[in-house]
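In what follows, a structure is listed as structure tokens, so that the remarks can point back to it.
Protein chains get the first letters and strands the later ones, always in sequence-line order, with residue 1 at the start of each.
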There are 2 protein chains.
Amino acid sequence: MEETQHTDLNASTEAKIKEAARRVFLKKGYAATRTRDIAEESGFNLSLINYYFRSKEKLFDLIMLEQIQLFIISVMGIVNDPLTTLEEKITILISHYIDMLVKNPDLPIFVLSEIKENPESLVSRLGFDSPHFNPFIVKQWKEKVMAGTAPKVNPMHLVINVLSLTIFPFIASPLFRNRTGISLDEFNKLMEERKKLIPIWVKGMMAVG
Amino acid sequence: MEETQHTDLNASTEAKIKEAARRVFLKKGYAATRTRDIAEESGFNLSLINYYFRSKEKLFDLIMLEQIQLFIISVMGIVNDPLTTLEEKITILISHYIDMLVKNPDLPIFVLSEIKENPESLVSRLGFDSPHFNPFIVKQWKEKVMAGTAPKVNPMHLVINVLSLTIFPFIASPLFRNRTGISLDEFNKLMEERKKLIPIWVKGMMAVG
DNA sequence: GTCTATATACGGATAGAC
DNA sequence: GTCTATCCGTATATAGAC
């Protein structure tokens, strides 16, 4: 280790700037953030951004990449666990997502907006394009199909439904809270309830179709 | 009528620029679009944008407002129809949304991104903050509650679920299609299936909780 | 490493010819 | 109404002092 590298309060300047940039980019998106905003948020001078990261774009790419990788890695452990059943995995995944989203409510719209603008550039570097991406959960699903106990609807619908029911509320949260007048705390309480409800609902969906 | 005003191919320059702006804004968002992009997309000169609309911001506000109003008006007819039951309304709403989203897949992420950045400015002008906003569907719901036939889960969950299952697939479409490799046609066919499936699923959810 | 000052480019907007 | 040329503020990036 060439420098003192912490991630806590007395982190390096580089780390502090990166963290400040993460907050601003996630809040405003790439185009709407000015390097000045990042400088201000970090408490350091404008020029240090270029000193450490060369350019706004490189800094952004770095953050986006880290953000997505973090996300993927955390999910990998769950979908690859040979000790849990398929149903358990789904329940755990939902709970895990909701915890993460309560902490990072801006993440989904950030990632999905930026991917829409940049259709190819980043998704390709995600790492689960590789032929090795064949997690245990896929095996378990195939077994269900072989045993004839899989649902009759196109399984894509079920994947879409789990993600929709889990992620969308956070994307619509600003509009939703504005309309209903409920507080952030009340909203988060609703999301907490959904940890139990979504798995039940999804189980019900499997019987349909 | 002071000028010839069409909305078809030989529309006025003003209308053409507005339509070009709509396309570009919806695709890239406010911050990432340059007035030069709009000029190019419209086939007209840069200065005409300011000639007709004074500024980029005014043009954007106009489009955003029209977009949202269009959306609300189209929904009002459905939720205020005294001739349909509550269940029918939900089914019709879902079908209506999906049709609209197939035609304007960029709309949800556009509206939700811009609202997130601009928490108050526009939502307040929406028009359904008024005390007159008490559509027939609310009455029907209240009757259900009085009769004791309403579901036991917090009804907010059901509203969230309908919107999630309907809208989210379109938001995630770029990522989803990229990952699965399915074409836009196949995707739209999936969404067509959901017109029938979502009402069934939602009905099932009401029994839970 | 961190700051101040500055170069350079870009984007929104306007003046003025036609 | 539509174009060309241009102005001017702002944002990124760098040079150079400390």
Revision key, fill the gap. Picking from dT2(D), dG12(C), dG1(C), the nucleotide nearest the side-chain atoms of Arg36(B) would be dG12(C)
Exercise for review: Mind checking Leu46(B) for me? I need base, sugar-phosphate or nothing, with any heavy atom below 4.0 Å counting as a touch.
Suggested key: base
Practice item. Fit a plane to each ring of Trp201(B) and His157(A), take the angle between them on a 0 to 90° scale, and name the class: parallel (under 30°), tilted (30 to 60°) or perpendicular (over 60°). Key: perpendicular
Review point. OP1 or OP2 of dG12(C) less than 4.0 angstrom from a side-chain nitrogen or oxygen of Asn50(B), does that happen here?
Key: no
**Study point:** Nucleotide of dA11(D), dG11(C), dT2(D) approaching Arg34(A) most closely (side-chain heavy atoms)
**Key:** dA11(D)
Check your understanding: If you look at every strand shown and take non-hydrogen atoms under 4.0 Å, does Ser47(A) touch a base, only sugar-phosphate, or nothing?
Key -> base
Check your understanding: Hey, do the aromatic rings of Phe187(A) and Phe170(A) have their centres closer than 6.0 Å?
Key -> yes
**Study point:** Of Thr35(A) and Gly43(B), the one whose closest DNA chain D nucleotide lies more 5'
**Key:** Gly43(B)
Practice item. Looking at every strand, decide which applies to Tyr52(A) at a 4.0 Å heavy-atom threshold: base, sugar-phosphate, or nothing. Key: sugar-phosphate
Point to revise | N-O pairing of Glu66(A) and Arg22(A) below 4.0 Å | key: no
Point to revise | Pairwise 5' ranking along DNA chain D for Tyr51(B) and Arg54(A), keeping only the more 5' one | key: Tyr51(B)
Practice item. Would you sort out whether Ile63(A) and Lys18(A) count as a side-chain contact (heavy atoms from CB on, under 4.5 Å), showing the intermediate values? Key: CA-CA 8 Å; Ile63(A) 287 168; Lys18(A) 200 202 282 178; 4.1 Å; yes
